[in-house]
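Residue numbers start from 1 in every chain, and the chains themselves are labelled A, B, ... in the order their sequence lines are given, proteins ahead of strands.
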Number of protein chains: 2
Amino acid sequence: MKKYRTLFHELILTYRPFETQLNEQLSKHGLHRTQWSVLYYLVMTEFATSVEIARIMGVEKPNIARTMKSLIEMGYVDTIQGQDKREKRLVVTDKGMEIFNEIRTTVDAFEQQLLLDVGEEEQLAFIHTLQKIKRNLSTRSEENK
Amino acid sequence: MKKYRTLFHELILTYRPFETQLNEQLSKHGLHRTQWSVLYYLVMTEFATSVEIARIMGVEKPNIARTMKSLIEMGYVDTIQGQDKREKRLVVTDKGMEIFNEIRTTVDAFEQQLLLDVGEEEQLAFIHTLQKIKRNLSTRSEENK
DNA sequence: TCCATATAGTTAACAATGATAACTAAAACA
DNA sequence: TGTTTTAGTTATCATTGTTAACTATATGGA
């Protein structure tokens, strides 16, 4: 097999099965990746709006609206009218915190399997590079506005 | 914002905009990510079948069939009957090689922008970690068979 | 040699998740 | 006050993954 540059293709080749298997893990708890991500960022931010979550996740509003709708239906999230009457503040319910902690256990175990032979320092370096790439991506998209 | 473990979320948070912007670049040439990936692996392997490409890319056969169909329609790929009559060997046409090289230029430039502040060694370390994770993913999925 | 099984490829249908467009209601600004 | 911006919703579409069911060919064991 020929070669020239491989970083992009390696990234894609790693990410896809990662996503597939992450979804397998999450399906044990009845959630998909996007629902898990949104729930995660809701817990992390504690009192965010849809727009804030969309911004953090780098996706458009309607995606969050759809996912949020399902999380609310499942009873994991509640909305609270903000004092700005356009806003809906989103809070994770007790039930939501419960499933969040359950899933966290599953996901942590999965993550540990994937990082079995990746030392602590190597993990940090990896995250660090990811963040650089992420920053460069957002710089690029800023510039094209 | 709270924190516990971040690697997975960082990966997702980086990959998604990466894919979006990669698609933006590829759209200049009228292709999508999957078409580009398949074309790439066809060029790298030189004389593969759909099944071989599917295995390399870690996706199911119908995905490749669909993508291949579009690449053939666009005149970038041709099929050749293998001596095993079930097989179709796939070859990249001259036109396919042309667009491949054009896109490579675009994609290389894009990649360079994303890796602007990532040194050569850091890039290698990053790929190395990606490959470890990829290997652990495929070990996991082997075990669940 | 013949039958059972495996493999290559296709088609159809569905699910998840991204995007854009068009809209309402509220807020902010000039 | 009137214009513009912002938060959120709904509808719709595109891409890309999956599984199921099928045909045709090859292979391997009784």
Colleague: Using a distance-only test with no angle check, is there a side-chain donor-acceptor pair under 3.5 angstrom linking B/E87 and B/T49?
Modeller: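 No, because no side-chain N or O of B/E87 sits under 3.5 Å from a partner of the opposite role on B/T49.
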Colleague: Over how many whole Å does the gap from A/N23 atom CG to D/dG17 atom P extend?
Modeller: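 Nearest whole value for this atom pair: 13 Å.
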Colleague: Polar pairs (N or O, both sides) under 3.5 Å between protein and nucleotides 8-12 of chain C?
Modeller:
| unit_1 | atom_1 | unit_2 | atom_2 | d |
| --- | --- | --- | --- | --- |
| C/dG9 | OP1 | B/K88 | N | 2.8 |
| C/dG9 | OP1 | B/K88 | O | 3.2 |
| C/dG9 | OP2 | B/S50 | N | 3.4 |
| C/dG9 | OP2 | B/V51 | N | 3.0 |
| C/dG9 | N7 | B/K61 | NZ | 2.5 |
| C/dT10 | OP1 | B/K88 | NZ | 3.4 |

Colleague: Counting C-beta onward and ignoring hydrogens, is there a side-chain heavy-atom pair between B/I99 and B/M74 closer than 4.5 Å?
Modeller: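 No, side chains not in contact.
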Colleague: State, yes or no, whether a side-chain contact exists between B/E111 and A/L7 at a heavy-atom distance under 4.5 Å.
Modeller: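 The answer is yes, as the side chains (C-beta and beyond) meet within the 4.5 Å cut-off.
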Colleague: Would you say B/T45 and B/E52 are linked by a side-chain donor-acceptor pair, where the criterion is simply a distance under 3.5 Å?
Modeller: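 Checked: B/E52/B/T45 side chains show no N/O donor-acceptor pair below 3.5 Å.
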Colleague: A/K85 or A/E60: which one's nearest nucleotide on DNA chain C is closer to the 5' end?
Modeller: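 Looking at DNA chain C, the more 5' nearest nucleotide goes with A/E60.
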Colleague: Salt bridge check: are B/E46 and B/R89 linked by an N-O gap of less than 4.0 Å?
Modeller: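 The answer is no: the pair does not qualify as a salt bridge.
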Colleague: For the pair made of CG in A/L26 and P in C/dA16, what is the distance, rounded to whole Å?
Modeller: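 Computing the A/L26:CG to C/dA16:P distance gives 13 Å.
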Colleague: Between B/E98 and B/K95, is there a side-chain N and carboxylate O pair less than 4.0 Å apart?
Modeller: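 No, B/E98 and B/K95 are not salt-bridged.
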Colleague: In whole angstroms, how far is the P atom of D/dT16 from the CH2 atom of B/W36?
Modeller: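 So the CH2-P distance, B/W36 to D/dT16, works out to 14 Å.
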Colleague: Please classify the nucleic acid contact of B/Q81 as base, sugar-phosphate, or nothing, using heavy-atom distances under 4.0 Å.
Modeller: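 Here B/Q81 touches no strand at all.
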Colleague: For A/Y15 and D/dG17, give me the distance from atom OH to atom C1', rounded to whole Å.
Modeller: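 Distance check: A/Y15 OH to D/dG17 C1' gives 12 Å.
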Colleague: Has B/N63 got a side-chain N or O lying under 4.0 Å from the OP1 or OP2 atom of D/dT18?
Modeller: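 Looking at the OP1 and OP2 atoms of D/dT18, one of them is under 4.0 Å from a side-chain N or O of B/N63.
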Colleague: Is A/R16 paired with B/E19 through a side-chain N to carboxylate O contact shorter than 4.0 Å?
Modeller: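 So B/E19 pairs with A/R16 through a salt bridge.
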Colleague: Expressed in angstrom and rounded to an integer, what is the separation of B/L22 atom CG from D/dT15 atom C1'?
Modeller: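 From B/L22 CG to D/dT15 C1': 13 Å.
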Colleague: B/E24 CD to C/dA19 C1': how many Å, rounded?
Modeller: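 Rounding to the nearest Å, CD of B/E24 and C1' of C/dA19 are 11 Å apart.
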Colleague: Whole-Å distance between D/dT18 P and B/I64 CD1?
Modeller: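 So the two atoms are 9 Å apart, to the nearest Å.
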Colleague: Quick check on C/dG18: is either OP1 or OP2 less than 4.0 Å from any side-chain nitrogen or oxygen of B/R16?
Modeller: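 Yes, such a contact exists.
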Colleague: What's the CD-P distance between B/Q35 and D/dT16, to the nearest Å?
Modeller: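 Checked: the CD to P distance equals 7 Å.
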